[in-house]
Every structure is written in structure tokens, then in C-alpha cells.
Amino acid sequence: MNMKTLPDFWFEPLAWIDGQWHPGGETVTVRNPATGEKIAEVSRADAAVVTLAIEGAVKAQRTWREVSAVERGMVLKRTAALLLARKDEFARLLTAEQGKPYSQAAGEVEYAASFFQWFGEEARRVYGRIAAHPEAGREFFIEHKPAGVAGLITPWNFPLAQGAKKVAAALAAGCSAVWKPAELTPLIALAIGPLMRQAGLPDGVLQIVPGRGSVVGALLAEHPAVRVLSLTGSTATGSALMVAAAPGIKRLSLELGGNAPFIVLPDADLDFVAEQLMRLKLFVSGQVCVTANRVFVHADAEAALAEKLAEKIRAARLGNGLAEGIEAGPLIHRQACREIGELVEQAVAAGAEIVAENRSYEGDATLREGSFFPPTLLVGVNEWRPLKAEIPFGGIKHSGIGGEEGLREFLETQVISMPKSILAS
Ligand code: ADP
């Protein structure tokens, strides 16, 4: 079988601070979830390292906010171009540490680049306005200023794209940022540090600190210089971060878990539905916050759809995402397999029937240490992937707050009451 190899990358498994690699305290092993093989031993940022990163970001912010919006945008657009030029290497690393098939990883690299491109373009479109003043001879100038240092916390399902979305928006707004990637997938984030330096980003504007969520999150929340906290993660983590950020009255952008229904009406084209639903469920092995969590099928369509889905599940090509033609990889770790196994057991105990499953990976000895779970069709019973840089991405209730307007999350609005005579002069 034609197997892609890990790229020789140009990063160290250390924190990226002020344009240099910085060792921390203890380390954590990053493994390939398909094979269990060790990829790297990454140093976890401790309190001293995180503080150093924040202090460097404070310093860098003073000059970055003064860089013209056009130049800030150019750095981001150059990052997009560099990322696309190295798409293959980034995709291979992403597959190795996250598990998703190479084709999906390559798609994520393009998606990440689209954020750098989009926010690179948006940087110069932060318009203020002039409003009427109740006193004659004066005007209000309403401007949007960079909020300060941003703390960015990202998950492991889209380790590159989620980071790109936050980093690009924060930097476009004129903020500097401290990025804490997920512990399971820090390598792709670390690779962005030197890439952005190559794109012309001044040192210190983007600091990357792998580490424990609770430790680094708390330090970011506590430090008075960090003014915005942007998290994509679980609802429990969002709630914990909100509590930690409350004393400092920090701005929060929380993109948390989703719970999307997928509704099939009786007159639907069932071949199209089956194809879309399977792509959606196999995409990142179902580990996507906007995936379909529940499928509601009209009784008249149920039997025919179940048959089509069963056929597709049995035929899906599972395995190591670095191998050619793979449609679904492993779950992120063994614990996730145990949790999904429990959900299946509960559903069966509650009366659901296992209609189809696919254990084809079991014959491959190289995957024995991987964290695979059979795609399983149980069921008592638009476009498949609404992910684009251009669209708002928000949530209701427990799915989070903020996030929907990208750049605005990182800007403060300032009003200046100004005599008209200054305008005329
Ligand atoms: P998931 O279910 O996607 O793993 P988590 O919320 O556990 O979601 O993780 C998302 C990100 O939040 C990761 O980078 C993780 O390290 C970080 N994180 C976990 N706990 C905390 C916390 N208490 N404060 C801040 N960040 C945290």
C-alpha cells in the first residue's frame, strides 16, 4: 500500500516565544492515534513559561497595533500562501497527530489558509464612524481599537483550522496572541510559529504555548494583560473559563459543543441523503461539533435509508489516514473509544438494533495499538459541511457565546468627542 511518511519539520517540541524555542517543565508524549506510535515528546509550558509568553506578547502588542492594517493584512495573506505552498507537509503532520485521513487533512490546510486570506483582507476594513454630537461644533469619532493581548485555546478536532481562525482574526485586529493548542495535537500549531515568522510576523506577536488546559487556561484568565479569551472546546471547559475570567471582566468568545439534528422528510432523494450523511458522519470520524448528532427520519423513508446507509458503512475504507484512499481514521484516543462503546451499549440496552458496523481495520496488525471504533449504524431512528471562512459561527444556549463576527471579538470600541474645528484644520 502506498503510505505517506511524516514530513521532516522545522519546529521543535517546545514553546514558541518571541520567535524562539523555549523549554518548559515536564513533557507529554504525542502519539499517532492510528498506530499508537510516538511522534514527539512535547514540553508542557509551566507558569513561568506562560508568564514569559504573555509578557512578550504585551511588548509586541505595543508595536503591532501601530503597524498599518494593510501591512498586518499582508503578513496574514503571505501566511495563507506559505501554508498552501506547504499543504502536503502540513497535511501529513496533521494526519499523523490527529488521525483524520490525508484528504481531509489537506482540506483542513486549505480551510486554515482561507482564514489567513479572509482576515488578511478584512484587516483593512475595520471602519469607524462619525456621529452627531448634541453640542454645536463637535463630532463623536467612534473607532475600533485592538483589545490587547488575546488568549486563544483550541481543540484537537481541527487543530490547524481552529487556530488559524482565531490567530488570523486577533492579529488582523491588531492584537497580539498567546495560543494554547490542545494537548493531543500541539505539533501542527508549533509549525505555524516559524511559518508566520517567514511571512514577516514580528517576534512576540504570536506566542504558542503547549500545555495543560486547566493550567495554561487559568494563567491566561488570571493575567491582567490578557483582555480577550477565545475558546473552542467543551461546554464544561467554557463554563470553567468563564468563571476564571470573571474577576478580570474579560471578553469571552466561546464556541462550545453542538447538538445538531439531521431531518429526513419522506420525499427526500435518499441516495443523496445517504451520501451526504455518510460523508458527514465519517468526516473526522464524527468528531466535529457541527456534525449531525441525531437523525430524524420519516417512517416512510426509514427502511430504505437504513439499507442504503448500512451498505455504505460496510463499504467504507477505514485505516491509517496516511494510506491512500482511506475515508475514516481512528478516534482521537482509546478513552474516546470506550465512551462511544458505552453509548452504543446504552442504545442497545434501550432497544436499538445494530444494523451495520465495519471492523475492517481489525485485520491490519499495524493498527492494533490505534484507537479505532467501528462505524456503527443503530437507529430506532443542506449542504453536508457548512464550514467557510466567510460565515458567522456562533452558538445558542450551551453551545457558546460570541465568535460570530470574527474580527470584532478582538476590537474595543472607543468614542472621541472632537471639536469640528479640528476636522476643518
Ligand atoms: P474537547 O472535548 O474538545 O477535548 P476540551 O474543552 O476538553 O474539549 O478542550 C478544548 C481546549 O480547552 C483544549 O486546548 C484543552 O486543553 C483546553 N482546556 C481544558 N480545560 C481547560 C480549562 N479549565 N481552562 C482552559 N482551557 C482548558
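In each ligand, atom 1 is the first atom listed, and ligand 1 is the first ligand listed.
Under 4.0 Å from ligand 1, the heavy atoms of Leu231 that appear belong solely to its side chain. The proximity of Thr232 to ligand 1, defined as any non-hydrogen pair under 4.0 Å, is limited to the backbone.
When each atom of ligand 1 is checked for a heavy atom of Ala182 under 4.0 Å away, the hits are 14 (O). Within ligand 1, the atoms closer than 4.0 Å to a non-hydrogen atom of Ser234 are 2 (O), 5 (P), 6 (O), 8 (O), numbered from 1 in the order shown.
Stacking of Lys100 on the aromatic ring of Phe158 is recorded, both the 6.0 Å distance cut-off and the 45° axial limit being met.
Summarising the contacts of atom 12 (O) of ligand 1 with Leu229, Ile153, Asn157, the nearest heavy atom is found in Ile153. Between atom 22 (C) of ligand 1 and the options Ala236, Ala240, Gly213, Ala336, the minimum heavy-atom separation is to Gly213. Scanning Met242, Lys180, Arg212, Glu183 for the heavy atom closest to atom 16 (O) of ligand 1 points to Lys180.
Looking only at heavy atoms of the protein, atom 4 (O) of ligand 1 is closest to Trp156 NE1, 3.0 Å. Looking at atom 6 (O) of ligand 1, its nearest protein heavy atom turns out to be Thr237 OG1, 2.6 Å. Of all protein heavy atoms, the one closest to atom 23 (N) of ligand 1 is Ser214 CA, 3.6 Å. Of the protein's non-hydrogen atoms, the one nearest atom 14 (O) of ligand 1 is Thr154 O, 2.7 Å.
In this structure, the side chain of Glu97 engages the main chain of Leu187 through a donor-acceptor pair within 3.5 Å. In terms of modelled atom types and a separation under 3.5 Å, the side chain of Glu255 and the main chain of Gly233 share no donor-acceptor contact. Side-chain atoms of Thr235 come within 3.5 Å of backbone N or O of His398 as a donor-acceptor pair.
With salt bridges taken as basic N to acidic carboxylate O contacts below 4.0 Å, none links Arg92 and Glu89. In this structure, Arg314 does not pair ionically with Glu311, as no charged nitrogen and carboxylate oxygen lie closer than 4.0 Å.
Distance screen at 4.0 Å: atom 20 (N) of ligand 1 has a protein heavy-atom neighbour inside the cut-off.
In this model, no donor atom of one side chain and acceptor atom of the other lie less than 3.5 Å apart for His333 and Ser371.
Within the model, atoms CD1 of Ile326 and OH of Tyr102 stand 14.5 Å from one another, a figure rounded to the nearest 0.5 Å.
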